[in-house]
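Just so we're clear, the structure is a prediction, and the values are computed from it rather than from any experiment.
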Amino acid sequence: MKKLYFNYLNTFKGLSNEVWWLALITLINRAGTMVIPFLSLYLTKSLNFSLKDVGWIMTCFGLGSVVGSWLGGKLTDKIGFYKVMKVSLFLTGLLFIALQFVNTFLGFCIGIFLVMLVADTFRPAMFVALNSYSKPENKTRSVTLIRLAINLGFSAGPAVGGLIITSLDYSGLFWVDGVTCILATLLLVNVLHPKKAKVLDEIKVENPTSIFSDSAFWVFFVGMFVFGFIFLQYFSTIPLYYKDVHHLTELEIGLIMGMNGFLIFLLEMPLIKWLEESKYTKELLMFLGLLLTGLSFVVINLTGWVGILIVGMLLMTIGEMIAFPFSNAFVMERAKKGNQGEYMAYYSIAFSMSHIFGHNSGMQLIDNIGFDNTWNVMIFLSIIGLLFLLMLMRIIKKEKVVA
């Protein structure tokens with residue numbers, strides 16, 4: 001056990017102080033966005049909006065995320081990642097505080113669009129910062145550390161949010177969200193100011209290649225959109241399947257969902273370090289991640305045995321642990337020939353678009369063709385995504401031959 005413990009700690013070695021600070025800022029920021037999991041409850045219970053209204057508001061949420069990611073990439077390339085992160089965190093805090101005073105449907109659509117637009121300018125800037133603060137050999141593990149911070153934040157956020165609602169009501173949630181974003185800004189200014197932070201991998205491209213002429217990236221983009229589309233079913237339609245088909249309680253659903261975050265926290269870093277040291281390419285590992293996620297839908301359609309749900313969650317979790325860090329590392333490597341902010345922005349947009357279409361499409365499919373057929377659609381989509389990733393492997397292989 002002692003050897004196992006020290007081996008686990010060793011997987012975190014070699015990461016720069018700046019990456020650890022960035023992870024802490026991300027943790028505070030993600031734990032702070034605790035309004036998001038309770039948004040639909042707040043809109044229906046406190047503001048008395050219909051489910052149709054909530055659907056449109058969530059669409060504005062997704063559109064704000066897409067525009068914010070695009071804008072964040074553009075601004076990062078123009079003024080640098082530090083300024084974008086600083087302004088994004090501070091303004092997001094003010095907007096969260098202001099959002100509690102909006103109570104009309106149109107006002108909330110505009111409000112949530114603006115909040116997500118400003119909040120998601122942070123993402124491309126943060127990824128470019130991560131690229132700069134990481135040695136080339138540590139980039140995938142640096143991404144994994146940030147993912148651990150995001151997962152911890154998402155795990156802690158709803159729990160703390162529930163306590164705040166119970167003791168202070170929903171307005172307390174907006175205040176805490178806003179204040180945590182402002183605190184994250186203060187931490188950023190103190191520890192990652194350009195005069196204090198040490199850049200380890202500065203990339204300056206004199207004549208950057210346009211992302212729109214990078215055919216390999218767009219094949220990758222489609223593959224990641226498909227991955228995001230089926231992956232997000234685990235956070236919208238799958239919980240309904242647990243409850244309506246397998247009659248699980250909220251506690252049992254919470255335990256299965258919580259297993260995902262716990263396994264990521266415990267196993268992702270050692271798994272990534274082991275895979276990094278293997279001879280597998282990033283493209284092959286992304287393929288494996290999508291394959292395992294697709295297989296999770298295959299197994300839950302095989303039998304009505306309730307234990308298969310845990311098998312499905314395990315397959316999806318392993319697929320997620322492999323696909324996200326290596327896809328991110330792939331884009332970081334790719335971005336060296338173009339505008340980094342632009343590359344990281346479009347990577348974020350692939351998943352923002354999955355949010356716009358994935359949740360709503362899954363719900364509509366369930367309503368029209370039932371759960372089992374919906375999972376068959378997800379299996380079919382995963383095959384399409386795998387074909388795109390196979391195409392990507394062929395393109396990258398040709399590029400290496402030419403180089």
Side-chain angles (χ1 to χ4, degrees), residues 33 36 39-40 54-76 88 109 112-128 143 147 150 154 210-212 214-238 286 289-290 293-294 297 316 319-320 323-324 326-328 330-332 334-335 338-339 341-366 374 377-378 380-389 391-392:
T33 54
I36 306 306
L39 196 57
S40 57
V54 175
W56 281 110
I57 288 168
M58 294 311 285
T59 299
C60 291
F61 175 100
L63 287 170
S65 178
V66 169
V67 177
S69 297
W70 174 82
L71 185 63
K74 288 286 181 189
L75 289 171
T76 299
S88 171
C109 282
I112 200 69
F113 175 83
L114 289 174
V115 168
M116 291 313 298
L117 187 152
V118 173
D120 274 6
T121 57
F122 179 83
R123 284 163 68 188
M126 184 270 291
F127 284 128
V128 173
V143 170
R147 273 183 40 77
I150 291 169
F154 276 140
S210 169
I211 194 170
F212 297 103
D214 188 351
S215 58
F217 178 83
W218 293 106
V219 172
F220 162 83
F221 182 93
V222 175
M224 286 303 101
F225 168 74
V226 171
F227 170 70
F229 190 100
I230 66 168
F231 165 74
L232 287 172
Q233 301 308 313
Y234 271 87
F235 301 92
S236 54
T237 54
I238 287 279
M286 288 187 280
L290 177 54
T293 308
F297 289 94
M316 185 281 285
E320 174 193 357
F324 275 115
F326 285 103
S327 62
N328 211 312
F330 173 83
V331 181
M332 282 182 175
R334 203 89 196 156
N339 291 313
E342 190 175 42
Y343 269 87
M344 298 321 300
Y346 278 99
Y347 175 68
S348 296
I349 286 169
F351 293 103
S352 296
M353 286 178 65
S354 300
H355 273 283
I356 292 173
F357 297 106
H359 301 302
N360 198 14
S361 300
M363 296 289 184
Q364 297 294 336
L365 283 166
I366 285 165
T374 298
V377 171
M378 297 306 150
F380 175 71
L381 286 174
S382 66
I383 292 167
I384 291 174
L386 289 169
L387 290 173
F388 270 90
L389 291 179
M391 200 188 307
L392 176 66

For [X], give me all partners under ring pair (Phe, Tyr, Trp, His ring centres under 6.0 Å), at least two apart in sequence or on another chain.
{"X": "Phe127", "value": "none"}
{"X": "Phe357", "value": "none"}
{"X": "Phe388", "value": "none"}

Sort and list the pairs that fulfil salt bridge (Lys or Arg N to Asp or Glu O under 4.0 Å) and have at least one residue in residues 345-360, not counting sequence neighbours.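 Pairs touching residues 345-360 that pass the test: none.
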
Grab the two heavy atoms, one from [X] and one from [Y], that are nearest each other, plus how far apart they are.
{"X": "Leu365", "Y": "Met378", "answer": "CD1-CE, 4.1 Å"}
{"X": "Leu389", "Y": "Gly223", "answer": "CD2-CA, 4.5 Å"}
{"X": "Glu320", "Y": "Thr293", "answer": "N-OG1, 4.2 Å"}
{"X": "Ala350", "Y": "Met224", "answer": "CB-CB, 4.3 Å"}

Please list, chain by chain and in numerical order, all residues satisfying side-chain hydrogen bond (donor to acceptor under 3.5 Å, both in side chains) with Ser88, sequence neighbours excluded.
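Listed in chain order: Thr121.
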
According to side-chain hydrogen bond (donor to acceptor under 3.5 Å, both in side chains), who are the partners of Tyr347, at least two apart in sequence or on a separate chain?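 Checked Tyr347 against side-chain hydrogen bond (donor to acceptor under 3.5 Å, both in side chains); matches are Ser327.
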
According to side-chain contact (heavy atoms from CB on, under 4.5 Å), who are the partners of [X], at least two apart in sequence or on a separate chain?
{"X": "Ala216", "value": "Asp214, Arg334, Leu392, Ile395, Ile396, Glu399"}
{"X": "Phe380", "value": "Ile384"}
{"X": "Ala345", "value": "Pro124"}
{"X": "Leu386", "value": "Phe287, Leu290, Leu291"}

Please list every donor-acceptor pair under 3.5 Å in which a side-chain atom of residues 62-75 meets a protein atom from a residue at least two apart or in another chain.
residue	atom	partner	partner atom	Å
Ser65	OG	Asp120	OD2	2.4
Ser65	OG	Ser352	OG	2.8
Ser69	OG	Ser65	O	2.9

Do [X] and [Y] have side-chain heavy atoms sitting under 4.5 Å apart?
{"X": "Met344", "Y": "Met126", "value": "no"}
{"X": "Phe61", "Y": "Val115", "value": "no"}
{"X": "Phe297", "Y": "Ile238", "value": "yes"}
{"X": "Phe225", "Y": "Phe220", "value": "no"}

For a quick test of your reading: what N or O donor-acceptor pairs under 3.5 Å do the side chains of residues 226-234 make, sequence neighbours left out?
residue	atom	partner	partner atom	Å
Gln233	OE1	Thr237	OG1	2.8
Gln233	NE2	Phe229	O	3.0
Gln233	NE2	Gly358	O	3.1
Tyr234	OH	Ser296	OG	2.9
Tyr234	OH	Gly312	O	3.4

_ring pair (Phe, Tyr, Trp, His ring centres under 6.0 Å) between Tyr343 and Phe217, worked out_ = CA-CA 9 Å; Tyr343 269 87; Phe217 178 83; 5.3 Å; yes

### Steps toward ring pair (Phe, Tyr, Trp, His ring centres under 6.0 Å) verdict (Phe212, Tyr346)
CA-CA 11 Å; Phe212 297 103; Tyr346 278 99; 5.7 Å; yes

